[in-house]
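A short write-up of the structure that comes next.
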Amino acid sequence: MIRFDIAIIGAGMAGASLAAEIGDAARVVLLEAESQPGYHSTGRSAAFWSETYGGPAVQPLTSASGPFLIEHGFVGERGGLHIADAAGRPALAALADEFAASGVTLEPRDRAALEARLPGLRPGWDAGLAEPDCRDIDVAALHAFYLAAARRAGTTLRRDAAVTAIARHGDGWRLTTRDAEITAGIVVNAAGAWANEVAALAGALPIAITPYRRTIVQIAVDPPAPADMPVVLDAAGTFYFKPEAGGRLWLSPHDETPTPPCDAQPEELDVAIAIDRFEHVVNWRVLKRERAWAGLRSFTPDRAPVYGFDPGAPGFFWFAGQGGFGIQTAPAAALLGAALLTGRPLPDAVRAIDPARYRPERFSLG
Ligand SMILES: Cc1cc2nc3c(=O)[nH]c(=O)nc-3n(C[C@H](O)[C@H](O)[C@H](O)COP(=O)(O)OP(=O)(O)OC[C@H]3O[C@@H](n4cnc5c(N)ncnc54)[C@H](O)[C@@H]3O)c2cc1C
């Protein structure tokens with residue numbers, strides 16, 4: 001039997017960042033089912049940081065993560081452009097209203113301004129909001145940074161270590177993996193799309209976190225996408241695209257197909273829809289579909305993440321429901337989670353955030 005203070009299940013962005021922020025305050029083990037941490041959602045993201053993405057409940061976490069990401073060089077200039085045709089105008093107006101008092105910069109753009117940023121824009125896309133602070137994130141570097149920081153602080157990373165059973169053991173827990181029995185005072189559920197399964201093993205609250213598949217296709221286009229092009233997001237939420245090296249584009253149909261936790265793969269139909277929607281936005285020719293991938297974005301019922309101790313399973317800590325924003329919120333979420341876990345005061349970077357809005361109790365029955 002191997003003893004730890006805290007066993008974190010899942011070594012994606014959530015588990016890795018949390019382990020790093022706990023640091024040497026506890027003996028931590030990170031248990032990862034795959035041989036490669038980051039194999040699932042963390043390795044499949046669109047890699048951008050947008051303060052509007054995820055809505056007002058997520059924005060404080062995203063905004064509070066910005067200074068860390070900038071300071072450590074994990075983000076690069078990009079800019080965002082929310083565009084609307086006639087059907088999308090109410091959604092564009094709602095976006096402006098939602099963030100009016102938030103401090104997030106959103107600037108109106110007319111047709112001429114949109115065309116200047118997106119030459120070849122088709123008729124009908126007449127209104128927009130620029131989000132100048134939107135950035136690209138180097139996801140692999142951020143994840144590697146957190147894994148390395150956790151290792152330096154003494155965290156043990158066990159790969160190929162799927163947790164298959166969790167049982168009470170004294171005041172804490174006993175966890176079973178393929179080749180080890182581990183005890184820990186606290187179990188952390190950072191299992192991404194598998195959060196429900198892990199909670200069920202421990203008899204924790206059934207929060208109903210649902211994984212949804214999202215597809216990205218990389219295309220070559222003519223003319224090549226300008227390197228300084230912003231991320232272009234449909235205000236009505238039916239596509240986004242952003243430039244990649246060599247004038248390519250990453251394009252998503254903004255699909256959200258509920259899917260059991262799995263190694264998600266792209267469906268041909270979603271790829272075709274992505275390209276069709278793109279061709280209705282600009283008159284650029286799609287030369288080649290180079291590759292496509294899919295990943296799971298896992299949401300709680302109210303679409304805000306869940307951080308905190310389970311109300312009915314003592315020593316079971318939720319760090320799940322990171323949806324489509326688990327990279328851009330990781331620095332602030334990890335600081336918050338580590339403070340809640342260790343009983344430390346909230347650090348300055350997240351002091352203005354009320355952790356109560358992310359508590360698991362909000363999903364308790366009755
Ligand atoms: C197409 C797409 C685009 C996205 N774009 C963005 C974006 O631009 N910006 C952004 O911020 N976010 C984005 N996201 C969301 C982001 O990728 C996720 O929120 C984030 O990666 C979630 O991290 P995680 O650690 O919770 O999950 P994961 O990376 O999936 O990690 C969970 C880990 O838990 C492990 N695990 C599960 N069960 C067990 C078990 N029983 N025992 C041991 N290990 C277990 C899994 O193997 C997995 O490695 C996107 C996601 C997708 C799919």
Side-chain angles (χ1 to χ4, degrees), residues 7-19 29-51 53-54 58 61-62 65 69 75 78 80 134-137 139 142-143 146 157-166 175-178 182 187-202 209 211-217 231 233 240 242 250-257 259 261-264 266 270 274 292-299 305-306 318-331 333-334 337:
I8 300 178
I9 302 177
M13 190 60 83
S17 56
L18 185 61
V29 63
L30 256 177
L31 298 167
E32 172 51 54
E34 303 290 346
S35 53
Q36 186 196 338
Y39 177 75
H40 290 290
S41 302
T42 294
R44 305 178 191 208
S45 86
F48 59 78
W49 180 89
S50 156
E51 288 172 291
Y53 212 74
V58 172
L61 296 163
T62 308
S65 297
L69 293 169
V75 285
R78 172 58 53 212
C134 175
R135 290 166 190 259
D136 283 332
I137 311 178
V139 180
L142 181 65
H143 190 222
Y146 279 132
L157 168 64
R158 294 180 78 99
R159 303 162 190 260
D160 300 309
V163 174
T164 53
I166 306 176
L175 298 94
T176 306
T177 68
R178 188 167 51 88
I182 288 163
V187 168
V188 176
N189 185 358
W194 287 264
N196 283 347
E197 275 72 3
V198 164
L201 288 178
I209 292 174
Y212 295 92
R213 190 179 64 238
R214 165 121 335 153
T215 309
I216 300 185
V217 51
V231 184
L233 303 113
Y240 62 74
K242 62 177 264 191
W250 281 7
L251 170 63
S252 173
H254 227 257
D255 46 333
E256 264 198 13
T257 311
T259 310
C262 65
D263 184 355
D270 293 323
W293 67 94
L296 300 177
R297 302 155 74 251
S298 299
F299 288 97
V306 56
W318 288 88
F319 203 60
Q322 283 85 351
F325 44 81
I327 312 295
Q328 62 179 29
T329 55

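Indexing begins at 1, ligand by ligand and atom by atom, following the structure's order. Hydrogens, waters and symmetry mates play no part in the numbers below; they use all other heavy atoms, side chains included.
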So for ligand 1, is [X] a polar contact partner (N or O within less than 3.5 Å, distance only)?
X: Val198; value: no
X: Thr329; value: no
X: Ala193; value: no
X: Gly326; value: yes

Nearest-neighbour protein heavy atom for [atom], which is reported as residue plus atom name and distance:
atom: atom 38 (N) of ligand 1; result: Trp194 CB, 3.4 Å
atom: atom 42 (N) of ligand 1; result: Val163 N, 2.9 Å
atom: atom 31 (O) of ligand 1; result: Gly12 CA, 3.5 Å
atom: atom 13 (C) of ligand 1; result: Gly324 O, 3.2 Å
atom: atom 15 (C) of ligand 1; result: Gly323 O, 3.2 Å
atom: atom 53 (C) of ligand 1; result: Gly295 C, 3.3 Å
atom: atom 11 (O) of ligand 1; result: Gln328 N, 2.7 Å
atom: atom 25 (O) of ligand 1; result: Ala14 N, 3.0 Å

Looking only at heavy atoms, is any part of [X] under 4.0 Å from ligand 1, and if so is it the side chain, the backbone, or both, or is it neither?
X: Ala330; result: neither
X: Ala47; result: backbone
X: Ile137; result: neither
X: Arg44; result: backbone
X: Ile9; result: side chain

Side chains of [X] and [Y] in contact at under 4.5 Å (non-hydrogen atoms):
X: Tyr240; Y: Ile216; answer: yes
X: Arg158; Y: Leu30; answer: no
X: Leu296; Y: His40; answer: no
X: Pro305; Y: Thr329; answer: no
X: Gln328; Y: Tyr53; answer: yes
X: Arg214; Y: His254; answer: yes
X: Thr215; Y: Pro253; answer: yes

Would you give the length of the straight line joining atom [atom1] of [X] to atom [atom2] of [Y], rounded to the nearest 0.5 angstrom?
X: Trp250; Y: Trp293; atom1: CH2; atom2: CH2; value: 4.0 Å
X: Leu18; Y: Ile8; atom1: CG; atom2: CD1; value: 4.5 Å
X: Thr42; Y: Gln36; atom1: OG1; atom2: CD; value: 11.0 Å
X: Leu175; Y: Leu31; atom1: CG; atom2: CG; value: 6.5 Å

Any donor and acceptor pair, going by atom type alone, linking the side chain of [X] with main-chain N or O of [Y] inside 3.5 Å?
X: Arg159; Y: Ser35; value: yes
X: Ser17; Y: Pro331; value: no
X: Glu34; Y: Tyr39; value: no
X: Thr176; Y: Thr164; value: no

Enumerate the atoms of ligand 1 whose separation from the nearest heavy atom of [X] is less than 4.0 angstrom.
X: Ile216; result: 1 (C)
X: Ser45; result: 2 (C), 3 (C), 4 (C), 5 (N), 6 (C), 13 (C), 14 (N), 17 (O), 50 (C)
X: Arg214; result: 1 (C)
X: His40; result: 30 (O), 46 (C), 47 (O), 48 (C), 49 (O)
X: Gly10; result: 33 (C), 34 (O), 35 (C), 44 (N)
X: Thr42; result: 21 (O), 23 (O), 25 (O), 28 (P), 29 (O)
X: Phe325; result: 10 (C), 11 (O), 12 (N), 15 (C)
X: Ala162; result: 42 (N), 43 (C)

**OP:** From the options Asn189, Leu201, Val163, select the one residue that forms a side chain to side chain contact (heavy atoms under 4.5 Å, CB included) with Ile9.
**Re:**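 Among the candidates, only Val163 passes.
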
Subject >> Phe48 heavy atom under 4.0 Å from ligand 1 >> reply: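 In this structure, Phe48 qualifies as a contact of ligand 1 - some heavy atom is under 4.0 Å.
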
Original post:
Are Ala161 and ligand 1 in contact, using a heavy-atom cut-off of under 4.0 Å?
Top reply: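 Within the 4.0 Å threshold, so yes.
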
Subject >> Asp263 with Arg44: basic N within carboxylate O range, under 4.0 Å >> reply: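 Yes, Asp263 and Arg44 are salt-bridged.
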
Subject >> side-chain contact (heavy atoms from CB on, under 4.5 Å) evaluation trace for Trp49 with Leu69 >> reply: CA-CA 10 Å; Trp49 180 89; Leu69 293 169; 3.5 Å; yes

Considering [options], which one's heavy-atom position lies nearest to [atom]?
atom: atom 49 (O) of ligand 1; options: Glu32, Glu34, Lys242; result: Glu32
atom: atom 4 (C) of ligand 1; options: Pro266, Ala46, Ala195; result: Ala46
atom: atom 37 (C) of ligand 1; options: Ala190, Ala191, Pro305; result: Ala191
atom: atom 51 (C) of ligand 1; options: Met13, Arg297, Gln322; result: Arg297

